[in-house]
Structure formats: C-alpha cells, structure tokens
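Only a predicted model underlies this, so the values are computations on that prediction, with no experimental measurement involved.
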Amino acid sequence: MIRLYNTMTREKEEFIPVEPNKVKMYVCGLTVQNYSHVGHIRSAVNYDVIRKYLEYKGYQVEYISNFTDINEKIVARAEEENMTPTELAQKYEAAFLDDIAAMNIRPADQYLRVSENIEDIIEMVKVLIDKEYAYVAEGNVYFSVESFADYGKLSGRNIEDMQAGARVDILEDKKHPMDFALWKKVNNEEFSWDSPWGKGWPGWHIECSAMAMKRLGTTFDIHGGGTDLIFPHHENEIAQSEAYSGEVFAKYWLHNGTVNLSGEKMSKSQGNFFTTREVLKKFPAEVIRFFLLTRHYRSPIDFSIPQLKEATVSLERLIKTADQMESLLADNPEDKQNNLATTDVFIAMLKEKRKSFEEAMDDDFNTAKAIGILHELAGEINKFINQQSFKLNENKYFLLTEANKLYRKLANVLGLKLELKDGTKNYSSVFADLMELVLELRQEAREEKEWEKADLIRDRLDEVGIEVKDTPRGTEWNLKKRDE
RNA sequence: GGCGGCAUAGCCAAGUGGUAAGGCAGAGGACUGCAAAUCCUUUAUUCGACGGUUCAAAUCCGUCUGCCGCCUCCA
C-alpha cells in the first residue's frame, strides 16, 4: 500500500487511484524563457522517481506536463535575445529536454504547450463566464474568488487575511483585489490571440487547468509541482477547474521542496541559481541525481559544492559494489562445488532488503531511506564477496546473479545507472594495451621484490591521473576524474 | 500582519508513541611488501529550550527561541 502526503489534507493518505491500476498525473512544467536551474531539475527528478516507482508497483502511469510558452516574460526575453517569442520558447524547450535527458529523466508522455491549446482555454473561460464565476472587464477576464466558496482550501488561507498583506496589486478593473486573470488583454499585434474579449493571451493559471482536464479528465490522480506553486498557482487551478467541472480536480496534491543556496531559495528572479548545464559541467548527472534523492522530496535542500562532493563519495561506494559484482560475474565459476547452506541466508537477506526498500518508497516515496537501504545491501554484498575464503563456485555465482539483479532493479527505480560517465571506460584500445604493458612490467618488478621501482610506476601513473590498485583479484587501474 | 514548514552526532540525513537507519569525516583492527579498495569494531543514554499528556515521546499538546517558504513571477 502506498501512502502519500497530500497537501490538500496535510496528512499522509492511502493512495487509491480513480481507475484501478492506472495513475494519471500532471506535473507543472516550466516557463521556457531560460535554461533550467537545479530547482527545476529537482522537481523533474522527483516526479520521475515517483512515476518509476508507481510503474515498479505495477501501475500504468500516464504522465503529463506542460511548457508555458506565452507570457510577458517570454516576450521580454525574446527581445533581449533578439528573436521571436516562439523561437525563444522553442530554444529553451529543447534545452530543457536536453537537460532532462542528461539527468536520465524520462520525458513526460506528453508536454502540452499553451500556444497549442488556446481554443480549449477560451472554451473554458466562456463556461466560467456563463456560470458567473468570471467576468469581463475592458478586454480582460477575471475569476472572481468570492464566487468560489472553497477558495483557499489548498493553501489554508482566506481572502480577508491575504488582503492584509497588502502586496496584491489593486487594479481598478478588478472587482476584488484577489481576483486573477483568465484572459489578459495584450497590445501586441504579432504575438497575441483573438478571443471573444479581444486580442490577448491566457492568464497564467488557466493553461494548466484546461490542458490537464483535456488530457486526463476532470478528475485525475496526482498533481505535482514545487511548494512555491501552492499559492497562488495551484489554488487558482483548483478554483477555476472545480468551478468549471463541479468535480474534484486532483485527488492528491504533491509538492516538492525548493533547492536553496546558502539557505535561500534558488530562483530566477533572485538571481541566485545554478543552471542545470553549469552544474553538469562540474559533476556527473548521476551524482546530482543521487544528491537530490538523499533528502526527502518535501524538505528543502541546500545546494553546495562540498555536499555534492560528499554525495560523490557516497555514490561511488554503491558503484564499486556494482562493478565488483559485474567483474566477478564476467568470469565462469571454476569450482563446481556448491555450499547450499549459505544460500538460504543470503536469499533471505536479499528479500528483506527488497521489502525494506519497498516499505520506504511506499511511505511517501522516502528516497533518502531507500538509499540508506541500498547502502545496507551494498554492505552485505561486499561482505559476501570479500570473505577470506571466497571462491566463485556455481552456487555463489547464482547468488551474485540474484544480488546483482535486485541491486540494479532497485537502483533503477531511483533512476541510478550506477556508473560515472567521465573516466574509466573512455579510452582507446591502444591505450588499454599500453596500460597492460606498463602493469606487466610493474608486476615483474614486484615479483623481483623491487618495491621502489614498482611504487615509482604507481606514483608516476597517479600523477598523470591513473589510479593503480593491487587487489586480491590482481592489479586494477582506472582513470581518475579530473574535477578541478 | 496572515498561512505553512523546519530544528536529530563534527557535517549531511532517515525516523510521527515503544526505547536513535544510512552516508561523509574521525579512531582502532584484519588484509597488503607498501598503498588503495574492502571487511570488522567504534563515534548521539540522546533528538533547539522549557513545561504537559502517557506505563512509555525525537515522535502527541502548549509556550518560547532560531531559521526558512508562501502571501509578487517562480519547480
């Protein structure tokens, strides 16, 4: 049973989808006005894992997201970059898709663009006007918050308290200061759309409502986004969607915490952010992904270079275990003698770890705990492989195969491939042959007990960035990462 | 001012009533010619402070302190 924290009720609830075995989820995407930053990527990684875990549990998941490609910012940025708003949006949409591909995030089943759904949005606004939830004022259409009794139910606010904040724009044509635009009048001949109320474009929130309902129905299972979208964005989505359909919009509201820099929220308007591509130049995608998943998704994460370095070391431990298993499994067992006594214990351990992992993920997608269990599993496997008496026989080969399958499967749910791109296998066969020769010469020196010579070779190789290790299984080497 | 969240070892971080996961760093040991890796052992009688409820609280309630988010565009 999966339990998830629903922002609407402020508690963990049992997850029961509208249709058995199917999950329909909508995750707010981004305004394609610039390169994505780590905050966007955290959100994308988070919902990617949620989707993958739901699939692991046997659900058929339909995952929809959006690109906001029409608004004031797009127009302003397009002027800065000297291109049309459409070109700008396409440029950054493509960049985002590159970013998520680099991060091993599976794209949504469909990305909906505002520019391709204007007709549906206009239809929805018309209905809201007919139902008297919205009104027209000088070419703008506003949603009347006072007309919707449940307004504020997601964010736990009421209209009176918010007015006290006095940070809302008082626009003369609004009936109430909290009313928000469904359609905005725009004076831009090239970049605007015809509507019954004149030229303009949709307000910020209506796009998600119209597109989500169009694709997923008036009630769907999961709606996700960052905590910073709870108000006003998601509150307004609920108001206009439920006013329109008379039905519950989304059953479960999930919100991921923000990514902070030195304790402050990373955000474009503050200027304190790292773009995804910047960070990808400094750290492998796998490390960034791992780092983001070591905290529970609802907590804020403080993003820092030292912590990414720590995450690198921690992840490398998991990778070493995977590599060791792979190299052992590449050999054929020489010893045919089996010792079945160890089998039961080991298989029981694997089952127990799998169960713990699932329990962690069932409990509101606790990836931090799940990673802890992956570490425990790695420890058990290491212990097994590194026994003094370890000899690969058919029995152990079987156990390692099982361990490897489980290890990969669980890592896969988290989207971890357990490999670090830069380095190890990125060299030519000539180079590999050369290394073989060098290590052969060093081995000869070792056999002659010429330790100084052997150590000199190792030290000099280390200086050029090649790490040499004498393991019980022979001498191994790998290219060291050159991070700075 | 309103609403919400957080505070757990040197650092990061799980844990929402039953006696503190995991990682990083540190210490000791095994293995090794040495080194690395790996393994074993070890590192919070205690969970921001003070009260309360309970047989039992990091976990529930109250007060206080500190930090953060939202109320304006934001994943």
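Between A:His375 and B:rG22 there is no side-chain N or O to OP1 or OP2 distance below 4.0 Å. Distances shorter than 4.0 Å separate some side-chain N or O of A:Arg317 from OP1 or OP2 on B:rC39. Using a 4.0 Å cut-off, no side-chain N or O of A:Asn256 falls inside it from OP1 or OP2 of B:rA75. Note on A:Arg10: every side-chain N or O is 4.0 Å or more away from OP1 and OP2 of B:rG4. Listed pair A:Lys268 / B:rA75 fails the phosphate criterion, with no side-chain N or O lying under 4.0 Å from OP1 or OP2.
Across all strands shown, B:rA9 remains unpaired; no Watson-Crick or G-U wobble contact has both distances below 3.5 Å. Across all strands shown, B:rC55 forms a Watson-Crick or G-U wobble pair with B:rG18, both key distances being under 3.5 Å. Using Watson-Crick or G-U wobble geometry with both donor-acceptor distances under 3.5 Å, B:rU63 finds its partner in B:rA49.
A salt bridge between A:Asp462 and A:Arg458 is absent, with no side-chain N of the basic residue lying under 4.0 Å from a carboxylate O of the acidic one.
When each of A:Tyr47 and A:Arg442 is assigned the nucleotide of RNA chain B bearing its nearest heavy atom, the one mapping closer to the 5' terminus is A:Arg442. Nearest-nucleotide positions on RNA chain B place A:Gly379 closer to the 5' end than the other of A:Thr227 and A:Gly379.
Nearest to the side-chain atoms of A:Cys28 among the listed nucleotides B:rA75, B:rC34, B:rC12 stands B:rA75. Candidate nucleotides B:rA36, B:rC70, B:rG33 were compared by shortest atom distance to the side chain of A:Arg446, and B:rG33 ranks first. Of the candidate nucleotides B:rC73, B:rA75, B:rC70, B:rA75 has the atom lying nearest to any side-chain atom of A:Ser43. You'll find that the side chain of A:His37 is closest to B:rA75, out of B:rG23, B:rC39, B:rA75.
Atoms NZ (A:Lys383) and P (B:rC40) sit 5 Å apart, rounded to a whole Å. One atom, CZ of A:Phe303, and another, C1' of B:rG69, lie 20 Å apart when rounded to the nearest Å. Taking atom NE2 of A:His40 as the reference point, atom C1' of B:rC73 lies 11 Å away to the nearest angstrom. Rounded to whole angstrom, the span from the CG atom of A:Leu261 across to the C1' atom of B:rC68 amounts to 14 Å. Between the CG atom of A:Asp228 and the C1' atom of B:rG69 there is a distance of 9 Å, given to the nearest Å. Rounded to whole angstrom, the span from the CD atom of A:Glu235 across to the P atom of B:rC71 amounts to 13 Å. When rounded to the nearest whole Å, the span between CD1 of A:Ile373 and P of B:rG23 equals 12 Å. Atom CD in A:Glu376 sits about 10 Å away from atom P in B:rA21, given to the nearest Å.
Classification of the A:Tyr252-A:Phe15 ring pair by plane angle, with boundaries at 30° and 60°, yields tilted. Aromatic ring orientation, A:His233 versus A:His205: tilted (interplanar angle from 30° to 60°).
Nearest heavy-atom pair across A:Lys52 and A:Val413 is CB-O, 3.6 Å.
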Restricting both atoms to N or O, compile the protein contacts to nucleotides 14-18 of chain B shorter than 3.5 Å, with distance only.
residue : atom : partner  : partner atom : Å
B:rA14  : OP1  : A:His296 : N            : 2.8
B:rA14  : O3'  : A:Asn366 : ND2          : 2.8
B:rG15  : OP1  : A:Asn366 : ND2          : 2.8

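For the pair A:Gln324/A:Asn382, a side-chain contact is recorded, criterion being any heavy-atom separation below 4.5 Å from C-beta on. In this structure, the side chains of A:Asn412 and A:Leu418 stay at 4.5 Å or more apart for every pair of heavy atoms.
To the nearest whole angstrom, the two C1' atoms, one in B:rA7 and one in B:rC64, are 14 Å apart.
A 6.0 Å sphere centred on NZ of A:Lys453 holds no more than 12 heavy atoms belonging to other residues, nucleotides or ligands.
As judged by a 4.0 angstrom heavy-atom cut-off over every strand, A:Glu264 is placed among residues touching the sugar-phosphate backbone only. Across all strands shown, A:Thr258 has heavy atoms under 4.0 Å from base atoms, whether or not it also approaches the sugar-phosphate. A:Lys265 comes within 4.0 angstrom of a nucleotide base, judged by non-hydrogen atoms across all strands. In this structure, A:Gly224 reaches neither bases nor backbone, as no heavy-atom distance under 4.0 Å exists between it and the strands shown. The residue A:Ile230 sits apart from the nucleic acid: no heavy atom pair falls under 4.0 Å. Nucleic acid contact class of A:Val38 (heavy atoms, under 4.0 Å, all strands): none. A:Gly39 comes within 4.0 angstrom of a nucleotide base, judged by non-hydrogen atoms across all strands.
Put simply, the residue from A:Asn46, A:Asn366, A:Thr367, A:Asp364 that forms a side chain to side chain donor-acceptor pair (under 3.5 Å) with A:Tyr297 is A:Asp364.
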| request: Walk me through it: do A:Phe303 and A:Phe274 pass the test ring pair (Phe, Tyr, Trp, His ring centres under 6.0 Å)? | output: CA-CA 9 Å; A:Phe303 187 86; A:Phe274 281 115; 5.6 Å; yes

